[in-house]
Amino acid sequence: MSEIIGGYFTSHVPAIGGAIVRGDQQAPYWKPFFDGFPPIRAWLAEKRPDVAVVFYNDHGLNFFLDAMPTFAVGAAEDYHNADEGWGLPVYKPFQGHAALSWHIIETLVAEEFDVTTCQKMLVDHALSIPFELAWPDADAWPVKLVPIAINTVQHPLPSAKRCLALGRAVNKALQSWPGEERILTIGTGGLSHQLDGARAGFINKDYDRFCLDHLAADPDALTRHSIHEMVELSGTQGVELLNWIAARGALGDMALSETTRNYHIPISNTAAASLVLEPA
Ligand code: DHB
Ligand code: FE
C-alpha cells in the first residue's frame, strides 16, 4: 500500500535560484533562509519519497492571462522547465507519474472539481526552486512528479476553502491509490508579499505566524478569510498561501507534527518560510 510520508512547504522566490547559482548560501543575506533546509534534506533522505504531488502556481510560463485554469493537473510522462528570465538556469527535466495523475484527475472530477488536464505542461520557478532547495546535489530528481497548478495570479481566484477542499479530494485519491509509492505533498509560494502597486514590499508577520501556527492542527482556520481579505492580510502575491492550504489538505485528517520550521524576512520582497509536517 502507498504511504503519505508528510508535507514539505516552502517559499519559491526566483532570487533564491540566483543565490544558488552564485553559491551565496552562506552569505549574510542568504544564510538565515538557507539554514532552514539541512533539516528538510535530512528528513527527505530518511523518508525517501518516490513521488511528489506539488501544489504551486504558474507565473506565466505555461498559462498566461488569456487562458488561466483555476485548477490544472499535469498528466504527462515528463515535464520541462524553460527560460523564464530572473537570471535562473533552465532546470533539468522532471519525470511524471501519469498513472497517479490520471487517478487523481478521475477522483477530482468524481468529487465535482472541474479541473483542466494537461498532457503537456511547462513548470516554472514555483516548482523548480523548491526541488533545487530539497535536492541540491541530485543528478536526476529522486521523485516522480504530479504537478497541480492553482490560479493565484488572475482574479477571480479560488477561495481558501475551495483550495483546502481540493487538497482533501486529492487525499481521497491518494488513499485509494493501489500503488506502493511513498508520497510527499509539496506546497510552494508565500508567505506574505506584494510585488507591485502602492503596497509593494508589504509583509505581515502576524498573519504569517497565524498561518504557520494553524496549518497543521486547524487548517480550516485559514479558510475563514475571503480572497480579498487574504490579499489585504498577505499582499497581492501572498495569496500563494492557497498552495500551502491545498497541500495541507492533501495530507488528510491524520494528526500531524511539525518536523522543522523556518521563517525569515525578507528574501527579495517576500517573507520566506519553510516547513515540514509529518504524521504524528
Ligand atoms: C518574488 C516572489 C515570488 O513569489 C515570485 O513568484 C516572484 C518574485 C520576490 O519576492 O521577488
Ligand atoms: Fe510566486
Side-chain angles (χ1 to χ4, degrees), residues 8-22 24-25 27 29-34 36-37 54-65 68-72 79 81-91 121-134 147-155 157-158 160 163 186-205 207-208 211-212 215 227 230-247 262-275:
Y8 154 47
F9 304 80
T10 181
S11 305
H12 63 219
V13 181
I16 297 163
I20 293 171
V21 170
R22 294 189 305 274
D24 275 352
Q25 291 92 331
Y29 180 88
W30 291 101
K31 187 174 174 350
F33 171 75
F34 281 99
F37 287 87
V54 184
F55 297 84
Y56 73 108
N57 60 294
D58 183 86
H59 298 71
L61 186 68
N62 191 79
F63 304 114
F64 200 59
L65 304 182
M68 180 61 70
T70 302
F71 300 127
Y79 302 89
N81 180 225
D83 186 358
E84 50 178 320
W86 307 103
L88 291 175
V90 173
Y91 291 94
M121 194 179 190
L122 291 171
V123 291
D124 76 358
H125 69 270
L127 197 142
S128 56
I129 300 279
F131 269 55
E132 190 69 17
L133 285 166
I148 302 182
I150 296 179
N151 171 26
T152 70
V153 171
Q154 177 168 249
H155 290 262
L157 309 184
C163 292
I186 303 181
T188 94
L191 296 184
S192 59
H193 64 298
Q194 171 144 346
L195 300 179
D196 46 21
R199 292 202 310 165
F202 175 80
I203 273 171
N204 184 345
K205 260 191 215 178
Y207 179 67
D208 289 342
C211 292
L212 288 166
L215 194 71
I227 280 296
M230 279 183 79
V231 168
E232 201 174 324
L233 286 165
S234 71
T236 42
Q237 280 73 36
V239 290
E240 290 175 344
L241 257 162
L242 293 173
N243 304 322
W244 288 48
I245 292 169
N262 190 40
Y263 181 75
H264 174 69
I265 298 171
I267 287 301
S268 187
N269 297 289
T270 298
S274 57
L275 177 74

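Index from 1, following the sequence. Remember, it's 1-based here, ligands and their atoms both numbered in the order they're listed. Computed from a predicted structure; not experimentally measured.
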With the threshold set at under 4.0 angstrom, would you say Glu240 reaches ligand 1 through any of its heavy atoms? yes
Counting from 1, what ligand 1 atoms have a heavy atom of His12 closer than 4.0 Å? 4 (O), 6 (O)
Among all protein heavy atoms, pick the one closest to atom 10 (O) of ligand 1 and tell me residue, atom and distance. Thr270 OG1, 2.7 Å
Counterpart residues, ring-ring contact (aromatic ring centres under 6.0 Å, His included), relative to Tyr79 (two or more places apart): none
Check whether more than 12 heavy atoms from other residues, nucleotides or ligands sit under 6.0 Å from atom OH of Tyr29, and answer yes or no. yes
Who pairs with Thr10 by side-chain hydrogen bond (donor to acceptor under 3.5 Å, both in side chains), at least two apart in sequence or on another chain? none
For ligand 1, the portion of Trp86 having any non-hydrogen atom under 4.0 Å away: side chain
Looking at every non-hydrogen atom in both residues, tell me the closest pair between Met121 and Ala149 and how far apart they are. CE-CB, 4.0 Å
Judged by atom type as modelled, is there a donor-acceptor pair below 3.5 Å linking the side chain of Asn243 to the main-chain atoms of Gly189? no
Among Leu157, Leu242, Val239, find the residue that satisfies the side chain to side chain contact (heavy atoms under 4.5 Å, CB included) test when tested with Asn151. Leu157
Other residues, nucleotides and ligands only: do more than 12 of their heavy atoms fall within 6.0 Å of CD on Glu84? yes
What's the shortest distance from atom 11 (O) of ligand 1 to any protein heavy atom, and which residue and atom give it? Ser268 OG, 2.6 Å
Ignoring hydrogens, just give me the one of His125, Glu84, His193, His59 whose non-hydrogen atom is nearest atom 3 (C) of ligand 1. His193
Quick test of your reading of the structure: of Ser11, Pro14, Gly238, Pro266, whose heavy atom lies closest to atom 5 (C) of ligand 1? Pro14
With Asn62 via side-chain hydrogen bond (donor to acceptor under 3.5 Å, both in side chains) - residues at least two apart: none
At distances under 2.8 Å, what protein N, O or S atoms surround the Fe ion (ligand 2)? His12 NE2, His59 NE2, Glu240 OE2
Name the orientation class of the two ring planes belonging to Phe34 and Trp30 (parallel below 30°, tilted from 30 to 60°, perpendicular beyond 60°). tilted
